[in-house]
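Heads up, the thing below is written out as structure tokens.
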Amino acid sequence: MTTLSQWLAAETDDRDIADTIAAMAAAGAEIAAVLHEAPIEGQTGLAGSENVQGEAQKALDVISNDIVLNHLRNVPAVSILISEELDEAVEMSSHGRVIVATDPLDGSSNLDVNVTVGTIFSLLPAVGGLLQKGTAQLAAGYVAYGPATSLVLRITGATSVFTLDGGGEWVLTLAAAKVPEASGEFAINTARERFWDAATSGYVRENVAGETGPAGKKYNMRWVGSMVADIHRILMRGGIFLYPLDSETVSKGGRLRLLYEANPMAWLVEGAGGRSTTGRQGILEVEPTGIHQRVPVILGSAEEVARVEAWYGR
Ligand code: FDP
């Protein structure tokens, strides 16, 4: 059995990276415990406030953000925290070498229905400033709060999966996740079809046409509507996730956030042999212009991502 601390010791000599990841893992374990009992505590309702994107905050969004903040405050390596729940970046330790960007509770619109949600995080070198491309990431990960509590992590090597045991220990359960190159599953919010561009419509039309269509195989659709759950499925068994630019989100640049959703997920999927793109460039190559910037997100099995890219190239 390999624990998270043993894995960190083997994976990196950089104590700052290891300490920061360990603190995010501890925050994840604490959030998992809160989520387990949240309905009993009546904590799934609206908090009555709004986050920077103008979305209603769930009480648990705020609670999860506070838990992450408290854990990172104890880590001298952390210089700045960027959070989906905070308008501005928060200064932490003045000598810290690591920036953490996080969505403390992603998919929170699913909390009322007991569906998997998650905490996503990305580590960047403080020396590069707040706005760095995804290629600069030191590490990334997410915690998925589902039937099991999973921690998916990548520093620069493989993408590894840990499971939280009953004693609060993270145990390595998959050393190197592999996203199959080919897949017959796609994930997209089809209720947005009327806003789609020609590439998205063309790709989905081909999939829906099945064996007798141009793709020549049968597809199935899977959409949880909670990014962590959808990406976890893709890391475990392949598929493609699309939240493309469409006519409704174009003015905002997309739906999902670059620094704490798209970049960490692209880092993890690419570490498992999958691919990621906005449709026009690799997600990790996007130059950020703001900490809460949005971006189109397409990631998953390499063959499927290539088919979407081919549509964008037409
Ligand atoms: P949520 O707003 O519930 O936090 O991060 C945004 C996100 O969830 C993703 O987890 C999910 O993939 C997406 O929104 C779904 O958005 P729509 O229901 O608007 O399509």
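All residue numbers in this chain count up from 1 along the given sequence. What's counted below: heavy atoms across the whole structure, side chains too, no hydrogens, waters or symmetry copies.
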If you take all heavy atoms of [X] and [Y], which pair is closest and at what distance?
X: I240; Y: Y203; answer: CG2-OH, 3.2 Å
X: A158; Y: A176; answer: CB-CB, 3.8 Å
X: A139; Y: I21; answer: CB-CD1, 3.9 Å
X: I67; Y: A27; answer: CG2-O, 3.7 Å
X: P125; Y: L138; answer: N-CD1, 3.7 Å
X: T116; Y: A144; answer: CG2-CB, 4.3 Å

Verdict with reasoning, T190 to W223, per side-chain contact (heavy atoms from CB on, under 4.5 Å)
CA-CA 9 Å; T190 51; W223 175 256; over 6 Å; no
For a 4.5 angstrom cut-off between non-hydrogen side-chain atoms, does [X] reach [Y]?
X: V90; Y: R73; result: yes
X: L259; Y: P288; result: yes
X: M92; Y: L72; result: yes
X: M265; Y: V228; result: yes
X: T119; Y: I31; result: yes
X: L131; Y: T289; result: no
X: L105; Y: L111; result: yes
X: V204; Y: E193; result: no

Is [Y] reachable from [X] through a run of hydrophobic residues whose side-chain heavy atoms are each under 4.5 Å from the next?
X: L235; Y: L174; result: yes
X: V127; Y: L124; result: no
X: V250; Y: V286; result: no
X: F195; Y: Y243; result: no
X: M236; Y: V171; result: no

How long is the gap from [atom1] on [X] to [atom2] on [Y], to the nearest 0.5 Å?
X: I234; Y: R222; atom1: CD1; atom2: CZ; result: 12.0 Å
X: E84; Y: I120; atom1: CD; atom2: CD1; result: 8.5 Å
X: M227; Y: F241; atom1: CE; atom2: CZ; result: 4.5 Å
X: E169; Y: M1; atom1: CD; atom2: CE; result: 5.0 Å
X: E11; Y: L4; atom1: CD; atom2: CG; result: 10.5 Å
X: L69; Y: D66; atom1: CG; atom2: CG; result: 6.5 Å

Using modelled atom types and a 3.5 Å cut-off, is there a donor and acceptor pairing between side-chain atoms of [X] and backbone atoms of [Y]?
X: K178; Y: G238; value: no
X: D103; Y: Y260; value: no
X: H292; Y: D87; value: yes
X: R154; Y: W267; value: yes
X: T249; Y: D246; value: yes
X: S93; Y: P76; value: yes
X: S301; Y: G239; value: yes
X: R294; Y: R255; value: yes
X: S160; Y: L153; value: no
X: N110; Y: G225; value: yes

Before giving the answer on side-chain contact (heavy atoms from CB on, under 4.5 Å), spell out for W311 and E206 the whole-Å C-alpha distance, their side-chain angles and the decisive distance to 0.1 Å.
CA-CA 11 Å; W311 269 101; E206 283 185 356; 3.3 Å; yes
Could you walk me through whether V308 and V305 pass the side-chain contact (heavy atoms from CB on, under 4.5 Å) test, one step at a time?
CA-CA 5 Å; V308 178; V305 174; 5.7 Å; no
Here's a test for you: under side-chain hydrogen bond (donor to acceptor under 3.5 Å, both in side chains), which of T278, D197, T277 qualifies with Y312?
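Looking at T278, D197, T277, the match for Y312 under the side-chain hydrogen bond (donor to acceptor under 3.5 Å, both in side chains) is D197.
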With a 6.0 Å cut-off (strictly less than), is the heavy-atom count around [atom1] of [X], excluding the residue itself, greater than 12?
X: K217; atom1: NZ; value: yes
X: Q6; atom1: CD; value: yes
X: N189; atom1: CG; value: yes
X: Q293; atom1: CD; value: yes

Would you sort out whether L284 and N263 count as a side-chain contact (heavy atoms from CB on, under 4.5 Å), showing the intermediate values?
CA-CA 6 Å; L284 299 175; N263 275 342; 3.8 Å; yes
Once the angle between the rings of F186 and Y219 is folded into 0 to 90°, is it parallel (under 30°), tilted (30 to 60°) or perpendicular (over 60°)?
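Because their plane-to-plane angle is over 60°, the rings of F186 and Y219 count as perpendicular.
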With sequence neighbours excluded, residues passing side-chain hydrogen bond (donor to acceptor under 3.5 Å, both in side chains) with S122:
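S122 satisfies side-chain hydrogen bond (donor to acceptor under 3.5 Å, both in side chains) with Q137 once adjacent residues are dropped.
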Scan side-chain atoms only and decide if R307 and N207 contain a donor-acceptor pair under the 3.5 Å cut-off.
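Their side chains do contain a donor-acceptor pair, which is all the 3.5 Å distance test asks for.
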